[in-house]
Amino acid sequence: MQRYNPKEIEPKWAKIWDETGVYTTDLNSSRPKYIGMSMFNYPSGAGIHIGHAMNYTISDVKARFKRQQGYESYHPVGWDAFGLPAENYAIKTGVSPQESMANIIPGYHKQYKAMGWSNDWEKEIATHLPEYYKWSQWIFCEMYRHGLVYQDSRMQWWCPIDNTVLANEQVIDGKCWRHDGPDDPPVEKREIKQWFFKITDYADELLEATDRLDWTESVKLAQKNWIGKSSGAEIDFALENSSKKIKVFTTRPDTIFGATFLVLAPEHELVQQITGEEQKAEVDKYVKAAIAKSEVERQESKEKTGVFTGAYAINPANDEKIPIWIADYVLTGYGTGAIMAVPGHDQRDNEFAKKYDLPIIETVEAYTFDEENPPKKGKPNTKRNVAICVVKDKEGKFLTLKWNKLDWHNFVMGGVEEGEELIKAAKREIAEETGYTDVEFKSRMPFALNSVFYAAHKDVNRDIRVDVLLFKLKSDKKQEVKLEAHEDFEPVWIEQSKLRSLHPIGGLDYIVRWIEEGDYVYAGEGRVIDSGEYDGLSTSEAREKIVTDLEKQGVAEEKVNYRMRDWSVSRQRYWGAPIPIIYCKKCGPKLVPDEDLPVILPELTDFTPTGDGRGPLARAEDWLKVDCPKCGGPAERETDTLDTYVDSSFYMLRYFDPRNQEAIFDSKIANKWAPIDFYNGGDHATAHMLYARFVTRFLNKIGKINNPEPFKQFLFNGKVSASDGSAFSKSKGNGIDPLEIISQGYGADALRTYLMFAAPLELGARWDPQGVPGTYRFLNRLWNLVEEFAHSKPLETRDSAKDEILRAAHKMIKKVTEDIEANRYNTAIAAMMECVNDFYRLKVAEFGNNAIWRKALESLVACVAPFAPFIADELWQQLGHSSSVHKDSWPKWDEKYLQADTVKIAVQVNGKLRAEIEASTDATETEITKLAKANDNVKAHITGKKIIKTIYVPGKLVNLVAQ
RNA sequence: GGGGAUGUGGCGGAAUUGGUAGACGCGCUAGCCUUAGGAGCUAGUGAGGCAACUCGUGUAGGUUCAAGUCCUAUCAUCCCCACCA
């Protein structure tokens, strides 16, 4: 018998797999296809880390599982080779990125193979090779030809260290993603001319299709938020004494009667024109300061600031004259860069109005609904005004009424008579019901509550309007309380913290929030008031009607806005695909003709950015000078390179046809292989995924591919964290090197199995130094089991434990098959461990070379194979196979073996477990109940009691309800 | 501020439709065995109690014959977005 020695068998099998090409995919195979992959790797000098080990093992297990099931399974591999780290390394050391990639990537080959990942190396891709980035450039051209590319000057994030433009997502907490240390400077803004992809043209369809994706829910949500669709209207506000107008975007046109001022972003184009002489100095100062500030600094100061322009606009809804302010809480890049401020129903406008003493008008009342007593159809409606009287004493306690026989405990409240003044009515109620007479009115909740409900005692629908008033108890002075016969209640003072436990009337939540927070801007839906002809409408009705009416006057239109901006693809850097554009003085910017693609990135010796906004490519003078493709005159190439997200937005499709020199891919092959069946990763869940979807949709539109979505299933897996729960980081030096774990003697199999076993994939494993030894022990037990079997004597007699062996094996097959399918790898491994334990227990009775044991062990080895491929192939061979376990070996389970003769039934008395009985599988309810009652312990608990109910759950439990 | 997720032994985590809480692994305890190893095998391991039994899934209520699971409130941790009108 041999001992389990991963150090010996793993390199052996890696070599065999390499030589025999087990993982080479036939893209034209007639088998059903399966393609599973993880986000491709950025090659760095450091080699793979534990996070890579996690990510690629997840997709590898999936691909191997399908390969064993008979699919033509494809686990592609590639390198996201362009990007800043290699370039910065070049700046530092003078080693060109081309050279460092050539040094680094072969090292990765060895590491990937040592991890046992079943990649198809024949189809390897790398984004920095001209044969690949030709297609990055081609996509740029194709988008250009379809009107999806434009050039514009924009204020852009600028990293003062790298001297380059940054994308929004590369700015983290106000600093460059690569320089986010405490001593690093914040990012700046600079105006730069750059190329954009019009992804916003696809915003709606990207959003609309998101719901149907089989993706991790949180990622879908992040995509939706990123797109950030909001529907509303653009409304023109005419300027007073001028023909000019200001266009605002709002999602709440229903609140237009509450719009008491306008606010423009400091960068708004009209600011200069409308500012009055008197205000000019101050406005200029404010605008200058706002522009100089980075957006991050603006966000840091939470306090709203702004200045009055001196100009007025006319509210088109009511012709009121309202002042125009500028403030930096209004962003220039969203909507029209101008808003109508509704301080009555918007938190931000409210803060601003309070600070600068601008009028606040409420035009929306809350509408609440009593779900327990919905209005009944056909009953008359009776309207009523009601006051809720919140009385607070000196100790901060609140006066409530508690009914003695009813389930009712709440504030003092009562009807307001016709023509009666609200505060007077409230005081009267307080005095009548509680006796307190010395109360002082403090404030009224800024919006009323409306509710329609069925009042059973009067058999009518009540339509009530509730005002909430706060009073202060000045003294304990009381009058005599004369209660009517049905009024059986008493006043109770309660703490503020107990307010939420009052009887749940509709709107209680608003009232408590108003009491707790002092002021509370109601931004919800409801009923419109003080809005002229629209009074009484619901906010959604008013929204529609107001926009329609304003549209008729030609001053409004419905409008959808997206938070998402167009995709800036220009980078002032060297290490990327050159943007295929030629600038001609005569003809302007022209595309490089397709036949001249790729535009090869020239070799340089100096990689530092020029610092003038142009990238290092400006230094390649020979390369720079070129003839204009249109007029043939002297021209210059674009010196910007493409954002690396462009390269990674289509790589998954390039895998379908990686060597094609004539096209990005052959549509026939792509249509067979798309979409990617399984994709996973622990980063880039928003931007990369959205860009990949955008580009795929584009290729679908131009007829290159049938499926508009690239990824059928996406699993956003968790990261591996250190044993104390913190993240691994270079600076802490607490990283785990997968190759070191392997070379320590545990092997890749034990490492892979541990990573997949430690936690659900979405959660991410926590590194436990004892974890790999644990899965190693499991593999070792499996090894010894098979070895012992292989060396055992033939067992002629029928196996006495046959049924149990088969049941253990088939239970395991079922669980593992279903769990891998559903991405529950941790419980799949647990099932295999359980099976090994079962086999150890069973082999005590009888173990030897017969068909049953052989079959059982074979299925176990096959199920282990996706997780621990090396040991599986070795043991598969031990079991007498000459072909690899990694193809067409997946076992099937048979339900008939899963049935046992007897089942254990739990017996409860009043819901408490009292016994466990064994009954035959086909026993009837009566038989089982009888058996249960016969149990001694059960007897002890039911004697002297009457069994009033028996609940029987077939095959599981009996619950005797005794009294 | 907004949105989302998660709270279960000493630890990582299991638990279809509500139906025996703690699968599996780590750690720990005891015993066995031996080529004395980073080994293997067997048994035990939520808490309290001699026991019957009682308590137990962040906290407080509720629904139910029965709640980790459903409802209400609340606390904590983590992640994402962050003045988007």
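Naming: A, B, ... by sequence-line order, numbering from 1 per chain.
- Residues satisfying the side-chain hydrogen bond (donor to acceptor under 3.5 Å, both in side chains) criterion with A:Trp783, sequence neighbours excluded, are absent altogether.
- In this structure B:A43 sits in a base pair with B:U29, meeting the Watson-Crick or G-U test at under 3.5 Å.
- Among the atoms of the strands shown, none is found under 4.0 Å from any heavy atom of A:Thr775.
- The residue among A:His941 and A:Glu834 whose nearest nucleotide of RNA chain B is located toward the 5' end is A:Glu834.
- Put simply, CE on A:Met833 is 11 Å from P on B:C24, counting in whole angstrom units.
- The residue A:Leu763 sits close only to the backbone: its heavy atoms come under 4.0 Å of sugar-phosphate atoms, none of a base.
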ring-ring contact (aromatic ring centres under 6.0 Å, His included) for A:Tyr4 and A:Tyr776? Distances and angles first, verdict last. CA-CA 10 Å; A:Tyr4 174 41; A:Tyr776 176 87; 5.3 Å; yes

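- Looking at the side chain of A:Leu913, the nearest of the listed nucleotides B:G38, B:U20, B:G40 is B:U20.
- Comparing atom distances between the A:Tyr840 side chain and each of B:C41, B:C26, B:C24 picks out B:C41 as nearest.
- Each of A:Arg3 and A:Met564 was matched to the nucleotide of RNA chain B holding its nearest heavy atom; the match closer to the 5' end belongs to A:Arg3.
- B:C78 is paired with B:G4 under the criterion used here, namely a Watson-Crick or G-U wobble arrangement in which both key atom distances are under 3.5 Å.
- The NZ-C1' distance, from A:Lys224 to B:C80, rounds to 15 Å in whole Å.
- Atom C1' of B:G46 sits at a distance of 31 Å from the matching atom of B:C79, rounded to the whole Å.
- Nucleotides B:A43 and B:U59 have their P atoms positioned 35 Å apart, rounded to a whole Å.
- Closest contact between the side chain of A:Pro760 and the listed nucleotides B:G19, B:G13, B:C24 involves B:G13.
- Summarising the geometry, the separation between CD on A:Glu762 and P on B:G4 is reported as 19 Å, rounded to the nearest angstrom.
- For A:Arg781, the side-chain atoms get nearest to B:U42 when compared with the rest of B:U42, B:G3, B:G38.
- Among the protein residues, A:Leu221 comes within range of the sugar-phosphate backbone only, with heavy atoms under 4.0 Å from sugar or phosphate atoms but none that close to a base.
- Between A:Tyr746 and A:Tyr754, the distance from one ring center to the other does not fall under 6.0 angstrom.
- For B:C53, the OP1/OP2 oxygens have a side-chain nitrogen or oxygen of A:Asn937 closer than 4.0 Å.
- Using a 4.0 Å heavy-atom criterion, one finds that A:Asn959 contacts the bases of the nucleic acid, with or without backbone contacts as well.
- In this structure, A:Val909 and A:Val938 have side chains that are in contact, with non-hydrogen atoms separated by less than 4.5 Å.
- Two rings, from A:Trp215 and A:Phe716, have their centers 6.0 Å or more apart.
- Between A:Lys912 and B:C55 there is a side-chain polar atom (N or O) within less than 4.0 angstrom of OP1 or OP2.
- In this structure, B:G9 shows a glycosidic angle within 90 degrees of zero, which is the syn conformation.
- When distances run from any side-chain atom of A:Arg777 to the nucleotides B:A85, B:G40, B:A14, the shortest one goes to B:G40.
- Closest to the side chain of A:Lys304, from the set B:C83, B:U17, B:C65, is B:C83.
- The separation of B:A73 from B:C81, taken at their P atoms, amounts to 28 Å, rounded to a whole angstrom.
- Of the nucleotides present, none pairs with B:G49 by Watson-Crick or G-U wobble criteria with both distances under 3.5 Å.
- Residue-level contact check: A:Gln770 touches the backbone only, with heavy atoms under 4.0 Å from sugar-phosphate atoms and none from bases.
- Minimum heavy-atom separation, A:Asn910 to A:Val961: OD1-CA, 3.4 Å.
- Proximity note for A:Thr251 (side chain, C-beta onward) versus B:A85, B:G13, B:G38: the nearest is B:A85.
- For the pair A:Asn826 and B:A14, the criterion of a side-chain N or O lying under 4.0 Å from OP1 or OP2 is met.
- With distances taken from any side-chain atom of A:Asn225 to the nucleotides B:U20, B:G3, B:A85, the minimum falls on B:G3.
- For the OP1/OP2 pair of B:A85 and a distance below 4.0 Å, the side-chain nitrogens and oxygens of A:Tyr334 include at least one atom meeting the criterion.
- Across all strands, A:Gly771 comes closer than 4.0 Å to no nucleic acid atom at all (heavy-atom distances).
- Phosphate contact (OP1/OP2 of B:A82, side-chain N/O of A:Arg563, threshold under 4.0 Å): absent.
- The residue A:Ala222 sits apart from the nucleic acid: no heavy atom pair falls under 4.0 Å.
- Rounded to an integer number of Å, the gap from CD1 of A:Ile741 to P of B:G38 is 17 Å.
- Applying the 4.0 Å criterion to OP1 and OP2 of B:A23, one finds that A:Thr827 has every side-chain N and O outside that range.
- Taking atom CG on A:Leu957 and atom C1' on B:A67, their separation rounds to 13 Å, with Å as the unit.
- Neither OP1 nor OP2 of B:A66 sits under 4.0 Å from any side-chain N or O of A:Gln908.
- With a 6.0 Å cutoff to the six-membered ring centre and a 45° limit on the axis angle, A:Lys304 counts as a cation-pi contact of A:Tyr329.
- Atom CG of A:Asn784 and atom P of B:U42 are 12 Å apart (whole Å).
- Distances shown here put a side-chain N or O of A:Asn837 below 4.0 Å from the OP1 or OP2 atom of B:G25.
- Two rings, from A:Tyr562 and A:Trp226, have their centers 6.0 Å or more apart.
- Regarding contacts with the backbone of B:U54, a side-chain N or O of A:Arg914 is found under 4.0 angstrom from either OP1 or OP2.
- For A:Asp683 and B:C80, the CG to P distance is 10 Å, given to the nearest whole Å.
- Here B:U57 sits opposite no nucleotide as a Watson-Crick or G-U wobble pair (both hydrogen-bonding atom distances under 3.5 Å).
- Side-chain atoms of A:Ile339 lie closest to B:A85 of the nucleotides B:A85, B:U20, B:C65.
- Between A:Ala341 and A:Pro343 the shortest heavy-atom distance is O-CD, 3.3 Å.
- In this structure, B:G12 and B:C24 make a Watson-Crick or G-U wobble pair, each of the two defining distances being under 3.5 angstrom.
- A:Gln744 comes within 4.0 angstrom of a nucleotide base, judged by non-hydrogen atoms across all strands.
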